[in-house]
Amino acid sequence: MSKINPDFRGADEIAVPKNLREMCGWSDKTDPDESTLLDIEQRSFGALIEETPQTFTERLARAAVGPMLEKWNQFQADRGRYPGSNDLSLLDEFVHGAPLIWLAQLIGSCVCSNTFRPWVARLMWQVMLLGDPFEFLGRSEFGAANYSFYGPFQYGLARQKANMTRGDGLYCAPFTWALMQGVLRCDQPQLRSLLKREGLAGKNDLPEPQGRDGMALYRDFGRHRHIGSLRQYIQYPMAESPQVTSAQQLWDLALAGKPAFVCSMEAIHKVGTHKDGFAIHARNPRDQWAHNMSFQGVFVASDGERFFRESNESWGEKHIYNRKFDEVDRAFRTGRLTVQAIGELEGPESSPTVAA
């Protein structure tokens, strides 16, 4: 393997959307400040942990299947990830044969739009690396048989839990709760009938609807329409979602195949280029985004430096950032990040039971 290998799908200089306000959805559009948002999250998570403490308890990592793990590690090595890496942002290419380039968000749905991606990565990890007897939700990038769940339903279910009806936006806590309940497949017959009636059953309308009509339907779900009639069909509940409070914990979870999503005011920008050829990113102290992103894996560079892969792909396929371990650790020490891991997913009832 070449010492210089810039095979890193992701951003160089970061192009911030012109409609930044609409793309930042860690909120319910009442414009609370950062301390208020963090307080809401802490109180909401406190209530959830009291309800189901077992879900928020970190489970011991299960060992990956040997032959598949060898293939996975070679796949990573061929793309410039050195021993000690577990770059879950590559799992889509490893499983699907090509990156899954889902479309950018159109409304302030980032808590869903940047979280369904690592959820898919977690399911891929369980199926491909752990050998769980689950089925993928699909095998396509778009359409009814795609890999993801239907975004608007999950967004609406979470907003219903939080009693949010105005504007766009969401918090991490209710979305965590919604994932704990389960997700709605894009090929679910009642959903398909609804989307056909709405004229939003086209290939690119799944997992997230497109165009002005798609934006309107997303917001209808966000105002709790259709939730009651579809909730009975959800599957694949998330059985483990520990709160992440340090960079080392985040690193260890990634090594165990557990990505995470993060809500914060952090804005990101490029701060340099590594000799391996990839851009280096960090928090931009001169900007802020009330936004949700995800941590999708970790990697080690040729010089031994450790990096997190932070995905903001709801803004476009190039928005994957490479942040140094120490820089992310400093961010955790500020106490201004809300980070939840996506751990064990339970399969549908028809799947054989798998020990945790």
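Heavy-atom basis, side chains included; hydrogens, waters and symmetry copies ignored. Start at 1 with the first residue, then count along the sequence. Please read all numbers here as calculations on a predicted model, not as lab measurements.
Taking every heavy atom of both residues into account, Ser148 and Cys186 meet most closely at O-SG, 3.6 Å.
Atom-to-atom distance recorded for Gln42:CD and Leu38:CG is 6.0 Å, nearest 0.5 angstrom. In this structure, Tyr150 OH and Leu184 CG are separated by 9.0 Å, a value rounded to the nearest 0.5 Å. Note that CG of Asp39 is 9.5 Å distant from CG of Leu37, once rounded to the nearest 0.5 Å. Rounded to the nearest 0.5 angstrom, Leu91 CG and Arg122 CZ are separated by 10.5 Å. One distance of note links CG of Leu206 with CG of Leu195; it measures 5.5 Å at 0.5 Å rounding. For the atom pair CD of Gln235 and CG of Leu345, the computed distance is 12.5 Å after rounding to the nearest 0.5 Å.
With Thr176 as the partner, the side chain to side chain contact (heavy atoms under 4.5 Å, CB included) test is satisfied by one option alone out of Glu41, Lys161, Gln243, Met238: Met238. With Phe307 as reference, Phe278 is the one residue of Trp251, Phe8, Tyr82, Phe278 to meet the ring pair (Phe, Tyr, Trp, His ring centres under 6.0 Å) rule. Here the rule is ring pair (Phe, Tyr, Trp, His ring centres under 6.0 Å) with Phe308, and of Phe332, Tyr321, Phe325, Phe299 only Phe325 fits it.
Side chain of Asn322 to backbone of Ala279: a donor-acceptor contact under 3.5 angstrom is found. Put simply, the side chain of Glu141 gets close to the backbone of Ile101: a donor and an acceptor are under 3.5 Å apart. In this structure, Glu327 contributes its side chain and Arg283 its backbone to a donor-acceptor pair below 3.5 Å. In terms of modelled atom types and a separation under 3.5 Å, the side chain of Asp205 and the main chain of Gly202 share a donor-acceptor contact. Although no hydrogens or angles enter the test, the distance criterion places no donor-acceptor pair under 3.5 Å between the side chain of Thr338 and the main chain of Val262. A donor-acceptor pair is defined here as one N or O able to donate and one able to accept, closer than 3.5 Å; no such pair exists between the side chain of Trp102 and the backbone of Pro207. Put simply, the side chain of Arg79 gets close to the backbone of Phe75: a donor and an acceptor are under 3.5 Å apart. Put simply, the side chain of Arg306 never gets that close to the backbone of Val300: no donor and acceptor are under 3.5 Å apart. Listed for the Glu240 side chain is a donor-acceptor partner under 3.5 Å among the backbone atoms of Arg59. No side-chain donor-acceptor contact under 3.5 Å links Glu198 to the backbone of Leu200.
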Kindly indicate, with the supporting measurements, whether the criterion side-chain contact (heavy atoms from CB on, under 4.5 Å) is fulfilled by Asn114 and Asn312. CA-CA 6 Å; Asn114 265 329; Asn312 188 20; 3.0 Å; yes
Applying side chain to side chain donor-acceptor pair (under 3.5 Å) to Asn73 and Glu70, what does each step give before you reach the verdict? CA-CA 5 Å; Asn73 285 335; Glu70 291 177 8; over 6 Å; no
Candidate pair Arg62 and Glu344, rule salt bridge (charged side-chain N to carboxylate O under 4.0 Å, His left out), full reasoning: CA-CA 10 Å; Arg62 292 190 281 137; Glu344 293 284 336; 2.9 Å; yes
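Residues that satisfy the salt bridge (charged side-chain N to carboxylate O under 4.0 Å, His left out) test with Asp213, not counting sequence neighbours, are absent from this structure. By the ring-ring contact (aromatic ring centres under 6.0 Å, His included) test, His96 pairs with Tyr147, sequence neighbours left out. With sequence neighbours left out, the ring-ring contact (aromatic ring centres under 6.0 Å, His included) criterion links Phe261 to no other residue. The ring-ring contact (aromatic ring centres under 6.0 Å, His included) search around Phe175 returns none, not counting sequence neighbours. For Trp315, the ring-ring contact (aromatic ring centres under 6.0 Å, His included) partners at least two apart in sequence or on another chain are Trp289, His291, His319. Residues passing the disulfide bond (SG atoms under 2.5 Å apart) test with Cys172 are Cys263, sequence neighbours excluded. With sequence neighbours excluded, no residue satisfies salt bridge (charged side-chain N to carboxylate O under 4.0 Å, His left out) with Glu208. By the salt bridge (charged side-chain N to carboxylate O under 4.0 Å, His left out) test, Arg192 is found to be paired with no residue, residues two or more places apart in sequence or in another chain being considered. Glu34 pairs by the salt bridge (charged side-chain N to carboxylate O under 4.0 Å, His left out) definition with Arg336, not counting sequence neighbours.
A donor-acceptor contact under 3.5 angstrom links the side chains of Ser314 and Gln105, judged on distance only. Using a 3.5 Å distance cut-off with no hydrogens or angles, the side chains of Asp303 and His274 do pair a donor with an acceptor. A side-chain N or O of Asp33 and one of Thr36 form a donor-acceptor pair less than 3.5 Å apart. With 3.5 Å as the limit, one finds a donor-acceptor pair spanning the side chains of Ser311 and Glu313. Checked by atom type, the side-chain pair Asp276/Ser302 shows a donor-acceptor distance below 3.5 Å. When only modelled atom types and interatomic distance are considered, Gln340 and Ser241 share a side-chain donor-acceptor pair under 3.5 Å. Side-chain contact, Asp87 with Ser89: a donor N or O sits under 3.5 Å from an acceptor N or O.
Two residues are said to be in side-chain contact when any heavy atoms from C-beta on lie closer than 4.5 Å; Asp92 and Arg9 meet this criterion. Taking the side chain as every heavy atom from C-beta outward, Met23 and Ser113 never approach each other to under 4.5 Å. The side-chain heavy atoms of Ile268 and Asn284, taken from C-beta on, include no pair separated by under 4.5 Å. Residues Arg81 and Leu90 have side chains in contact (heavy-atom distance under 4.5 Å, counting atoms from C-beta outward). With a 4.5 Å cut-off on side-chain heavy atoms, Trp177 and Leu157 count as touching. Taking 4.5 Å as the limit, some side-chain heavy atom of Asp168 sits within range of a side-chain heavy atom of Ile107. Between Phe221 and Gln154, the closest side-chain pair of non-hydrogen atoms is not below 4.5 Å. Put simply, the side chain of Val271 does not reach to within 4.5 Å of the side chain of His281, judged on heavy atoms.
Using a 30° and 60° split on the angle between ring planes, Trp72 and Phe94 fall in the perpendicular class, above 60°.
Applying the disulfide bond (SG atoms under 2.5 Å apart) test to every pair with at least one member in residues 217-251, sequence neighbours left out, gives no pairs at all. Screening residues 261-274 for salt bridge (Lys or Arg N to Asp or Glu O under 4.0 Å), with sequence neighbours left out, gives Asp12-Lys270, Glu266-Arg323.
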Give every donor-acceptor pair under 3.5 Å between a side-chain atom in residues 46-58 and any protein atom, sequence neighbours left out.
unit_1: Thr52; atom_1: OG1; unit_2: Leu48; atom_2: O; d: 3.4
unit_1: Thr57; atom_1: OG1; unit_2: Pro53; atom_2: O; d: 2.9
unit_1: Glu58; atom_1: OE1; unit_2: Gln249; atom_2: NE2; d: 3.4

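Within the cation-pi definition used here (under 6.0 Å to the ring centroid, within 45° of the axis), Arg231 does not qualify as a partner of Tyr233.
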